[in-house]
Asks: 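Structure provided below as C-alpha coordinates; questions to follow.
As the structure is a computational prediction, the values presented were derived from the model and not from experiment. So you know, we letter chains A, B, ... as the sequences are listed, proteins then strands, and number each from 1.
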Amino acid sequence: MMTTADSHLHRLLDEAFAGIPVTPDTQDLKEELRSSLVARVAELTAQGVPDAEAARRAIDELGDVRAAALETAQTQGAKREKVDVVALALANKVKPKPAFVLRTVALSAIVAIAATVLVLAFTGVWDLADGAMVAVGLLGIALPVGLIVADSLGQETTSNYPMPRKRASLYGLAVGAILAGASFVTWFGFETDQLWAGILGVVVIVLGVLLATYVGATQTNRHKPWTKAAAANYQFHNKWEENPQEAARYGMYSGALWLLAIGAFVALSLIVGFAWSWIAFLVAVLVQMVMTARMLFGEDKH
Amino acid sequence: MNNSLTEPSASEPLGSDVLRGHTDAIVLTVLLRQDRYGYEIFKAIGDATGGEYEIKEATLYATFRRLVRDGLVEAYWGDETQGGRRKYYAITDAGRAYQAQAVRDWRAAQRILTTLLDTKTAPISKEQR
(Lines give C-alpha, C1' and ligand atoms only; values in the text may rest on other atoms or scores of the structure.)
Protein backbone atom coordinates (compact mmCIF):
# COMPACT_ATOMS: atom_id res chain seq x y z
CA MET A 1 0.00 0.00 0.00
CA MET A 2 1.51 3.29 -1.10
CA THR A 3 0.41 6.46 0.64
CA THR A 4 1.25 10.04 -0.36
CA ALA A 5 3.45 10.27 2.73
CA ASP A 6 5.41 7.28 1.45
CA SER A 7 5.93 8.83 -1.97
CA HIS A 8 7.16 12.01 -0.29
CA LEU A 9 9.51 9.80 1.66
CA HIS A 10 10.92 8.01 -1.37
CA ARG A 11 11.59 11.34 -3.03
CA LEU A 12 13.34 12.75 0.06
CA LEU A 13 15.38 9.59 0.42
CA ASP A 14 16.42 9.72 -3.23
CA GLU A 15 17.48 13.33 -2.69
CA ALA A 16 19.57 12.37 0.34
CA PHE A 17 21.27 9.64 -1.66
CA ALA A 18 21.83 11.77 -4.77
CA GLY A 19 25.43 11.53 -5.92
CA ILE A 20 26.26 8.65 -3.57
CA PRO A 21 27.80 5.77 -5.54
CA VAL A 22 25.28 2.98 -6.05
CA THR A 23 26.87 -0.07 -4.47
CA PRO A 24 25.24 -3.14 -2.91
CA ASP A 25 26.14 -1.68 0.49
CA THR A 26 24.64 1.77 -0.06
CA GLN A 27 21.53 0.21 -1.62
CA ASP A 28 21.19 -2.01 1.41
CA LEU A 29 21.49 1.01 3.72
CA LYS A 30 18.89 2.88 1.69
CA GLU A 31 16.43 -0.01 1.94
CA GLU A 32 17.01 -0.31 5.65
CA LEU A 33 16.46 3.41 6.17
CA ARG A 34 13.36 3.26 4.00
CA SER A 35 11.76 0.52 6.08
CA SER A 36 12.48 2.45 9.27
CA LEU A 37 11.15 5.69 7.79
CA VAL A 38 7.95 4.08 6.52
CA ALA A 39 7.26 2.82 10.05
CA ARG A 40 7.96 6.24 11.56
CA VAL A 41 5.81 8.04 8.99
CA ALA A 42 2.91 5.67 9.71
CA GLU A 43 3.30 6.52 13.39
CA LEU A 44 3.25 10.27 12.68
CA THR A 45 0.31 10.23 10.26
CA ALA A 46 -1.63 8.16 12.80
CA GLN A 47 -1.09 11.06 15.21
CA GLY A 48 -2.65 13.34 12.61
CA VAL A 49 0.49 14.88 11.14
CA PRO A 50 -0.06 15.82 7.46
CA ASP A 51 1.64 13.53 4.89
CA ALA A 52 4.33 15.85 3.54
CA GLU A 53 5.10 17.13 7.03
CA ALA A 54 5.36 13.56 8.38
CA ALA A 55 7.85 12.53 5.69
CA ARG A 56 9.92 15.66 6.25
CA ARG A 57 9.96 15.17 10.01
CA ALA A 58 10.83 11.46 9.83
CA ILE A 59 13.86 12.22 7.64
CA ASP A 60 14.94 15.10 9.88
CA GLU A 61 14.71 12.92 12.98
CA LEU A 62 17.01 10.40 11.37
CA GLY A 63 19.98 12.75 11.52
CA ASP A 64 22.65 13.10 8.89
CA VAL A 65 21.60 10.50 6.31
CA ARG A 66 24.09 11.76 3.74
CA ALA A 67 27.03 11.37 6.09
CA ALA A 68 25.98 7.81 6.91
CA ALA A 69 25.58 7.01 3.21
CA LEU A 70 28.97 8.51 2.36
CA GLU A 71 30.63 6.58 5.17
CA THR A 72 29.05 3.35 3.92
CA ALA A 73 30.14 4.04 0.35
CA GLN A 74 33.70 4.78 1.46
CA THR A 75 34.09 1.79 3.78
CA GLN A 76 33.15 -0.49 0.95
CA GLY A 77 34.96 1.28 -1.82
CA ALA A 78 38.12 1.76 0.21
CA LYS A 79 41.12 0.11 -1.35
CA ARG A 80 42.23 -2.81 0.69
CA GLU A 81 45.59 -2.07 2.19
CA LYS A 82 48.21 -4.73 2.46
CA VAL A 83 47.87 -6.12 5.95
CA ASP A 84 50.87 -7.52 7.76
CA VAL A 85 49.23 -10.56 9.31
CA VAL A 86 52.23 -11.42 11.46
CA ALA A 87 52.41 -7.91 12.93
CA LEU A 88 48.65 -7.98 13.60
CA ALA A 89 48.90 -11.33 15.31
CA LEU A 90 51.80 -10.13 17.47
CA ALA A 91 49.94 -6.96 18.40
CA ASN A 92 46.91 -9.02 19.47
CA LYS A 93 48.92 -11.76 21.15
CA VAL A 94 47.13 -13.38 24.07
CA LYS A 95 49.17 -15.67 26.28
CA PRO A 96 47.38 -18.73 27.65
CA LYS A 97 46.56 -18.49 31.34
CA PRO A 98 48.96 -20.61 33.43
CA ALA A 99 46.05 -22.12 35.39
CA PHE A 100 44.43 -23.24 32.12
CA VAL A 101 47.67 -24.82 30.90
CA LEU A 102 48.07 -26.65 34.22
CA ARG A 103 44.47 -27.92 34.10
CA THR A 104 44.87 -29.14 30.53
CA VAL A 105 48.17 -30.89 31.24
CA ALA A 106 46.71 -32.58 34.34
CA LEU A 107 43.57 -33.73 32.49
CA SER A 108 45.65 -34.91 29.51
CA ALA A 109 47.81 -36.94 31.89
CA ILE A 110 44.65 -38.63 33.23
CA VAL A 111 43.54 -39.40 29.65
CA ALA A 112 47.00 -40.79 28.81
CA ILE A 113 47.02 -43.03 31.89
CA ALA A 114 43.45 -44.20 31.23
CA ALA A 115 44.29 -44.96 27.60
CA THR A 116 47.35 -46.97 28.66
CA VAL A 117 45.28 -48.94 31.17
CA LEU A 118 42.66 -49.70 28.53
CA VAL A 119 45.27 -50.84 25.98
CA LEU A 120 46.83 -53.12 28.60
CA ALA A 121 43.39 -54.50 29.45
CA PHE A 122 42.36 -54.99 25.81
CA THR A 123 45.56 -56.83 24.95
CA GLY A 124 45.08 -59.04 27.98
CA VAL A 125 48.32 -57.99 29.68
CA TRP A 126 46.33 -56.71 32.61
CA ASP A 127 43.21 -58.55 33.65
CA LEU A 128 40.56 -55.96 34.37
CA ALA A 129 36.85 -56.51 35.10
CA ASP A 130 34.45 -55.23 32.40
CA GLY A 131 32.82 -52.81 34.84
CA ALA A 132 36.21 -51.38 35.73
CA MET A 133 37.07 -50.90 32.07
CA VAL A 134 33.83 -49.01 31.42
CA ALA A 135 34.52 -46.90 34.50
CA VAL A 136 38.01 -46.08 33.18
CA GLY A 137 36.44 -45.16 29.81
CA LEU A 138 33.88 -42.88 31.47
CA LEU A 139 35.98 -41.23 34.18
CA GLY A 140 39.41 -41.46 32.56
CA ILE A 141 38.54 -40.59 28.94
CA ALA A 142 35.02 -39.20 28.38
CA LEU A 143 34.90 -36.87 31.41
CA PRO A 144 38.40 -35.33 31.14
CA VAL A 145 38.22 -34.93 27.34
CA GLY A 146 34.82 -33.20 27.70
CA LEU A 147 36.29 -30.91 30.36
CA ILE A 148 39.31 -30.10 28.17
CA VAL A 149 37.02 -29.21 25.24
CA ALA A 150 34.78 -26.96 27.36
CA ASP A 151 37.74 -25.35 29.09
CA SER A 152 39.69 -24.61 25.89
CA LEU A 153 36.69 -23.12 24.07
CA GLY A 154 36.16 -20.76 27.01
CA GLN A 155 39.69 -19.37 26.66
CA GLU A 156 40.58 -16.19 24.85
CA THR A 157 43.21 -16.77 22.19
CA THR A 158 45.16 -14.51 19.87
CA SER A 159 42.56 -14.88 17.12
CA ASN A 160 39.38 -15.81 18.99
CA TYR A 161 37.26 -14.36 21.75
CA PRO A 162 36.35 -16.78 24.53
CA MET A 163 33.14 -18.71 23.88
CA PRO A 164 30.33 -17.99 26.37
CA ARG A 165 30.47 -20.47 29.29
CA LYS A 166 27.15 -22.11 28.47
CA ARG A 167 27.95 -22.80 24.83
CA ALA A 168 31.46 -24.05 25.65
CA SER A 169 29.93 -26.41 28.24
CA LEU A 170 27.48 -27.76 25.66
CA TYR A 171 30.35 -28.56 23.27
CA GLY A 172 32.18 -30.31 26.11
CA LEU A 173 29.03 -32.22 27.05
CA ALA A 174 28.51 -33.35 23.44
CA VAL A 175 32.08 -34.65 23.10
CA GLY A 176 31.90 -36.27 26.55
CA ALA A 177 28.59 -37.96 25.68
CA ILE A 178 29.93 -39.37 22.41
CA LEU A 179 32.99 -40.81 24.19
CA ALA A 180 30.87 -42.14 27.07
CA GLY A 181 28.55 -43.82 24.56
CA ALA A 182 31.60 -45.27 22.81
CA SER A 183 32.71 -46.80 26.14
CA PHE A 184 29.42 -48.67 26.47
CA VAL A 185 29.40 -49.75 22.83
CA THR A 186 32.95 -51.10 23.24
CA TRP A 187 31.83 -53.07 26.29
CA PHE A 188 29.00 -54.53 24.23
CA GLY A 189 31.52 -55.33 21.50
CA PHE A 190 33.43 -57.55 23.92
CA GLU A 191 30.45 -58.93 25.83
CA THR A 192 27.66 -59.33 23.31
CA ASP A 193 25.28 -60.60 26.03
CA GLN A 194 25.27 -57.10 27.54
CA LEU A 195 22.74 -55.87 25.01
CA TRP A 196 21.58 -53.01 27.24
CA ALA A 197 25.09 -51.54 27.22
CA GLY A 198 25.10 -51.51 23.41
CA ILE A 199 21.69 -49.86 23.24
CA LEU A 200 22.53 -47.33 25.95
CA GLY A 201 25.81 -46.54 24.22
CA VAL A 202 24.18 -45.94 20.84
CA VAL A 203 21.46 -43.75 22.41
CA VAL A 204 24.04 -41.65 24.26
CA ILE A 205 26.16 -41.30 21.10
CA VAL A 206 23.11 -40.19 19.08
CA LEU A 207 22.21 -37.64 21.78
CA GLY A 208 25.79 -36.38 21.78
CA VAL A 209 25.81 -36.05 17.99
CA LEU A 210 22.45 -34.20 18.09
CA LEU A 211 23.77 -31.81 20.72
CA ALA A 212 26.97 -31.23 18.74
CA THR A 213 24.90 -30.57 15.61
CA TYR A 214 22.73 -28.08 17.48
CA VAL A 215 25.59 -26.08 18.98
CA GLY A 216 27.48 -26.26 15.70
CA ALA A 217 24.52 -25.02 13.67
CA THR A 218 23.78 -22.13 16.04
CA GLN A 219 27.44 -21.14 16.35
CA THR A 220 28.14 -17.50 15.53
CA ASN A 221 31.39 -15.76 14.74
CA ARG A 222 33.93 -15.60 17.55
CA HIS A 223 36.96 -14.43 15.59
CA LYS A 224 38.38 -11.10 16.60
CA PRO A 225 37.97 -8.20 14.18
CA TRP A 226 41.65 -8.22 13.22
CA THR A 227 41.39 -11.77 11.91
CA LYS A 228 38.43 -10.73 9.75
CA ALA A 229 40.51 -7.90 8.30
CA ALA A 230 43.42 -10.25 7.73
CA ALA A 231 41.21 -12.92 6.16
CA ALA A 232 39.64 -10.39 3.77
CA ASN A 233 43.11 -9.46 2.57
CA TYR A 234 44.53 -12.91 2.43
CA GLN A 235 44.39 -14.31 -1.06
CA PHE A 236 44.88 -18.01 -0.84
CA HIS A 237 44.99 -19.69 -4.18
CA ASN A 238 44.67 -23.41 -4.30
CA LYS A 239 44.13 -25.70 -7.20
CA TRP A 240 40.53 -26.48 -6.29
CA GLU A 241 39.39 -22.88 -6.40
CA GLU A 242 40.90 -22.43 -9.82
CA ASN A 243 39.91 -25.83 -11.06
CA PRO A 244 36.66 -27.17 -9.58
CA GLN A 245 36.84 -30.35 -11.69
CA GLU A 246 39.93 -31.30 -9.72
CA ALA A 247 37.97 -30.93 -6.48
CA ALA A 248 35.13 -33.07 -7.86
CA ARG A 249 37.62 -35.70 -8.95
CA TYR A 250 39.16 -35.67 -5.48
CA GLY A 251 35.72 -36.23 -3.96
CA MET A 252 35.04 -39.22 -6.18
CA TYR A 253 38.47 -40.75 -5.55
CA SER A 254 37.89 -40.33 -1.80
CA GLY A 255 34.50 -42.01 -1.99
CA ALA A 256 35.94 -44.93 -3.95
CA LEU A 257 38.91 -45.20 -1.57
CA TRP A 258 36.76 -45.44 1.56
CA LEU A 259 34.29 -47.82 -0.02
CA LEU A 260 37.25 -50.02 -0.87
CA ALA A 261 38.65 -49.63 2.66
CA ILE A 262 35.36 -50.67 4.27
CA GLY A 263 35.08 -53.63 1.91
CA ALA A 264 38.67 -54.65 2.66
CA PHE A 265 38.01 -54.27 6.39
CA VAL A 266 35.00 -56.57 6.28
CA ALA A 267 36.78 -59.11 4.09
CA LEU A 268 39.95 -59.10 6.24
CA SER A 269 37.85 -59.36 9.42
CA LEU A 270 36.24 -62.53 8.10
CA ILE A 271 39.45 -64.01 6.73
CA VAL A 272 42.16 -63.08 9.25
CA GLY A 273 40.14 -61.51 12.08
CA PHE A 274 39.94 -58.18 13.89
CA ALA A 275 43.56 -58.29 14.95
CA TRP A 276 44.73 -57.26 11.47
CA SER A 277 41.68 -56.00 9.56
CA TRP A 278 42.02 -52.44 10.94
CA ILE A 279 45.14 -52.09 8.80
CA ALA A 280 42.72 -51.48 5.91
CA PHE A 281 41.72 -48.15 7.46
CA LEU A 282 45.31 -47.23 8.24
CA VAL A 283 46.24 -47.74 4.60
CA ALA A 284 43.17 -45.73 3.51
CA VAL A 285 44.18 -42.78 5.71
CA LEU A 286 47.69 -42.85 4.26
CA VAL A 287 46.39 -42.97 0.69
CA GLN A 288 43.97 -40.12 1.49
CA MET A 289 46.79 -37.94 2.82
CA VAL A 290 49.02 -38.57 -0.17
CA MET A 291 46.09 -37.92 -2.48
CA THR A 292 45.34 -34.59 -0.73
CA ALA A 293 48.97 -33.56 -0.88
CA ARG A 294 49.22 -34.33 -4.57
CA MET A 295 45.82 -33.08 -5.71
CA LEU A 296 45.47 -29.94 -3.56
CA PHE A 297 49.04 -28.77 -3.16
CA GLY A 298 50.88 -30.66 -5.89
CA GLU A 299 52.58 -29.16 -8.93
CA ASP A 300 50.27 -27.99 -11.65
CA LYS A 301 50.51 -30.13 -14.74
CA HIS A 302 49.61 -27.29 -17.06
CA MET B 1 23.18 8.45 39.14
CA ASN B 2 24.78 11.72 38.21
CA ASN B 3 22.07 14.32 37.74
CA SER B 4 24.14 16.47 35.41
CA LEU B 5 22.73 14.46 32.50
CA THR B 6 19.17 15.56 33.19
CA GLU B 7 20.12 19.16 32.47
CA PRO B 8 21.41 19.00 28.92
CA SER B 9 22.03 22.75 28.58
CA ALA B 10 25.67 22.97 29.63
CA SER B 11 26.88 19.41 30.20
CA GLU B 12 25.48 17.91 27.01
CA PRO B 13 28.51 18.30 24.71
CA LEU B 14 30.82 16.54 27.16
CA GLY B 15 28.21 14.00 28.19
CA SER B 16 27.39 12.95 24.66
CA ASP B 17 31.07 12.89 23.72
CA VAL B 18 31.80 10.43 26.51
CA LEU B 19 28.77 8.36 25.55
CA ARG B 20 29.51 8.38 21.83
CA GLY B 21 32.71 6.44 22.45
CA HIS B 22 30.55 3.60 23.76
CA THR B 23 28.03 3.40 20.91
CA ASP B 24 29.28 -0.06 19.86
CA ALA B 25 28.95 -1.47 23.36
CA ILE B 26 25.53 0.19 23.86
CA VAL B 27 24.16 -1.39 20.67
CA LEU B 28 25.62 -4.80 21.60
CA THR B 29 24.01 -4.58 25.04
CA VAL B 30 20.61 -3.90 23.47
CA LEU B 31 21.08 -7.05 21.35
CA LEU B 32 22.13 -9.32 24.24
CA ARG B 33 18.66 -10.70 24.90
CA GLN B 34 17.13 -10.85 21.44
CA ASP B 35 17.57 -9.95 17.78
CA ARG B 36 16.23 -6.51 16.94
CA TYR B 37 15.87 -4.25 13.92
CA GLY B 38 17.26 -0.75 13.52
CA TYR B 39 14.34 1.38 14.64
CA GLU B 40 13.72 -0.99 17.56
CA ILE B 41 17.34 -0.61 18.70
CA PHE B 42 17.05 3.18 18.37
CA LYS B 43 13.87 3.15 20.48
CA ALA B 44 15.35 0.77 23.06
CA ILE B 45 18.30 3.10 23.65
CA GLY B 46 16.01 6.12 23.97
CA ASP B 47 13.60 4.28 26.27
CA ALA B 48 16.35 2.84 28.48
CA THR B 49 17.53 6.33 29.37
CA GLY B 50 14.04 7.83 29.50
CA GLY B 51 14.97 9.97 26.51
CA GLU B 52 17.99 11.50 28.26
CA TYR B 53 20.31 10.15 25.62
CA GLU B 54 19.48 9.63 21.99
CA ILE B 55 21.92 8.44 19.40
CA LYS B 56 21.06 9.87 16.02
CA GLU B 57 19.45 7.09 14.06
CA ALA B 58 21.60 7.65 10.98
CA THR B 59 24.76 7.31 13.11
CA LEU B 60 23.34 4.07 14.43
CA TYR B 61 23.04 2.58 10.94
CA ALA B 62 26.67 3.35 10.22
CA THR B 63 27.53 1.68 13.54
CA PHE B 64 25.61 -1.47 12.52
CA ARG B 65 27.66 -1.74 9.37
CA ARG B 66 30.91 -1.45 11.27
CA LEU B 67 29.77 -4.07 13.77
CA VAL B 68 28.81 -6.45 10.96
CA ARG B 69 32.16 -5.91 9.25
CA ASP B 70 34.01 -6.70 12.49
CA GLY B 71 31.92 -9.83 13.04
CA LEU B 72 30.42 -8.59 16.31
CA VAL B 73 26.86 -8.81 14.96
CA GLU B 74 25.19 -10.61 12.06
CA ALA B 75 22.47 -9.03 9.95
CA TYR B 76 19.54 -10.66 8.18
CA TRP B 77 16.41 -9.41 6.48
CA GLY B 78 13.22 -10.48 8.24
CA ASP B 79 10.38 -12.25 6.44
CA GLU B 80 7.56 -9.85 7.34
CA THR B 81 4.63 -10.31 5.01
CA GLN B 82 2.88 -7.17 6.25
CA GLY B 83 4.45 -3.79 5.67
CA GLY B 84 8.11 -3.17 4.90
CA ARG B 85 10.80 -5.74 5.44
CA ARG B 86 13.02 -5.21 8.44
CA LYS B 87 16.71 -5.83 8.76
CA TYR B 88 17.46 -7.63 12.00
CA TYR B 89 20.71 -7.70 13.91
CA ALA B 90 21.91 -10.63 16.02
CA ILE B 91 24.86 -10.56 18.38
CA THR B 92 27.65 -13.11 17.82
CA ASP B 93 29.88 -14.80 20.39
CA ALA B 94 32.57 -12.29 19.47
CA GLY B 95 30.05 -9.50 20.15
CA ARG B 96 29.20 -10.95 23.56
CA ALA B 97 32.87 -11.11 24.49
CA TYR B 98 33.42 -7.54 23.24
CA GLN B 99 30.45 -6.32 25.27
CA ALA B 100 31.65 -8.09 28.42
CA GLN B 101 35.08 -6.52 27.96
CA ALA B 102 33.51 -3.08 27.48
CA VAL B 103 31.60 -3.52 30.75
CA ARG B 104 34.81 -4.48 32.59
CA ASP B 105 36.68 -1.52 31.08
CA TRP B 106 33.89 0.85 32.03
CA ARG B 107 33.78 -0.40 35.63
CA ALA B 108 37.51 0.19 35.92
CA ALA B 109 37.28 3.67 34.35
CA GLN B 110 34.34 4.52 36.59
CA ARG B 111 36.23 3.44 39.71
CA ILE B 112 39.28 5.50 38.75
CA LEU B 113 37.27 8.61 37.84
CA THR B 114 35.20 8.37 41.00
CA THR B 115 38.44 8.56 42.96
CA LEU B 116 40.20 11.17 40.82
CA LEU B 117 37.23 13.50 40.43
CA ASP B 118 36.26 12.95 44.04
CA THR B 119 32.59 12.72 43.05
CA LYS B 120 31.63 11.08 46.34
CA THR B 121 32.29 14.21 48.38
CA ALA B 122 32.44 17.15 46.00
CA PRO B 123 29.07 18.77 45.29
CA ILE B 124 28.23 19.71 41.69
CA SER B 125 28.32 23.47 41.81
CA LYS B 126 26.57 25.76 39.33
CA GLU B 127 29.87 27.39 38.36
CA GLN B 128 31.44 24.11 37.31
CA ARG B 129 28.85 23.48 34.65
Side-chain angles (χ1 to χ4, degrees), chain A residues 1 6 9 16 25-26 28-43 58-76 78 153-154 156 159-168 215 218-229 231-232, chain B residues 16 20 23-24 28 31-33 35-43 45-46 51 54-102 104:
Chain A
M1 184 178 59
D6 286 349
L9 200 63
D25 248 17
T26 55
D28 186 77
L29 174 69
K30 197 172 168 185
E31 281 320 304
E32 192 179 7
L33 291 175
R34 196 194 305 277
S35 75
S36 170
L37 285 167
V38 168
R40 181 66 186 139
V41 164
E43 233 176 72
I59 289 253
D60 285 346
E61 278 175 7
L62 214 52
D64 199 342
V65 176
R66 236 188 132 65
L70 268 175
E71 194 189 322
T72 305
Q74 278 160 2
T75 338
Q76 199 206 18
L153 290 174
E156 181 177 359
S159 55
N160 286 336
Y161 282 117
M163 193 178 278
R165 278 266 163 266
K166 198 177 138 204
R167 179 174 286 278
V215 282
T218 55
Q219 178 64 49
T220 52
N221 170 58
R222 69 186 192 102
H223 297 313
K224 291 180 178 174
W226 78 264
T227 60
K228 304 264 297 181
Chain B
S16 53
R20 204 166 308 149
T23 308
D24 290 6
L28 290 173
L31 293 174
L32 276 183
R33 299 223 166 271
D35 301 357
R36 291 173 192 259
Y37 57 93
Y39 188 52
E40 209 182 357
I41 296 170
F42 169 71
K43 287 273 244 203
I45 294 171
E54 267 188 11
I55 299 176
K56 277 288 176 199
E57 216 183 327
T59 320
L60 215 46
Y61 288 104
T63 304
F64 296 157
R65 266 147 193 86
R66 196 174 53 247
L67 291 175
V68 168
R69 190 196 58 204
D70 287 348
L72 302 180
V73 303
E74 282 166 0
Y76 60 94
W77 283 95
D79 50 5
E80 286 82 13
T81 43
Q82 296 261 306
R85 282 207 307 158
R86 289 165 180 163
K87 195 176 187 187
Y88 286 87
Y89 294 94
I91 191 166
T92 63
D93 281 355
R96 285 179 198 281
Y98 182 95
Q99 195 271 348
Q101 185 60 49
R104 280 195 294 275

Asks: Is it the case that the side chain of T92(B) and the backbone of G71(B) share a donor-acceptor pair, with hydrogens and angles ignored and the cut-off at 3.5 Å?
Replies: yes

Asks: Are there residues of residues 95-102 of chain B whose heavy atoms fall under 4.5 Å of chain A's heavy atoms? If so, which?
Replies: R96(B), A97(B), Y98(B)

Asks: Answer yes or no: is there a donor N or O on one side and an acceptor on the other, between the side chain of D35(B) and the main chain of Y88(B), under 3.5 Å?
Replies: no

Asks: Looking at every non-hydrogen atom in both residues, tell me the closest pair between K224(A) and N160(A) and how far apart they are.
Replies: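 Looking at all heavy atoms of both residues, the shortest contact is CE-O, 3.5 Å.
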
Asks: Closer than 3.5 angstrom, by distance alone: can the side chain of N221(A) be matched with the main-chain N or O of H223(A) as a donor-acceptor pair?
Replies: yes

Asks: Can you tell which part of D28(A) gets under 4.5 Å to a heavy atom of chain B, answering side chain, backbone, both or neither?
Replies: both

Asks: Contact part of F42(B) toward chain A, heavy-atom cut-off under 4.5 Å: side chain, backbone, both or neither?
Replies: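 Neither part; nothing is under 4.5 Å.
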
Asks: Answer with side chain, backbone, both or neither: which region of Q219(A) has an atom nearer than 4.5 Å to a non-hydrogen atom of chain B?
Replies: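 For Q219(A), the contact with chain B is made by the side chain alone.
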
Asks: What part of R167(A) is in contact with chain B, defined as an atom under 4.5 angstrom from a non-hydrogen atom: side chain, backbone, both or neither?
Replies: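 For R167(A), side-chain heavy atoms alone lie under 4.5 Å from chain B.
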
Asks: So, the side chain of T220(A) versus the backbone of D93(B): is there a donor-acceptor pair under 3.5 Å, distance only?
Replies: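 Looks like yes, one N/O pair under 3.5 Å.
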
Asks: Regarding E31(A) and R34(A), does a basic nitrogen lie under 4.0 Å from an acidic carboxylate oxygen?
Replies: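 So E31(A) pairs with R34(A) through a salt bridge.
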
Asks: What's the separation between atom CG in L153(A) and atom CZ in R222(A), rounded to the nearest 0.5 Å?
Replies: 5.5 Å

Asks: Output yes when R66(B) and D24(B) qualify as a salt bridge under the 4.0 Å nitrogen-oxygen rule, no when they do not.
Replies: yes

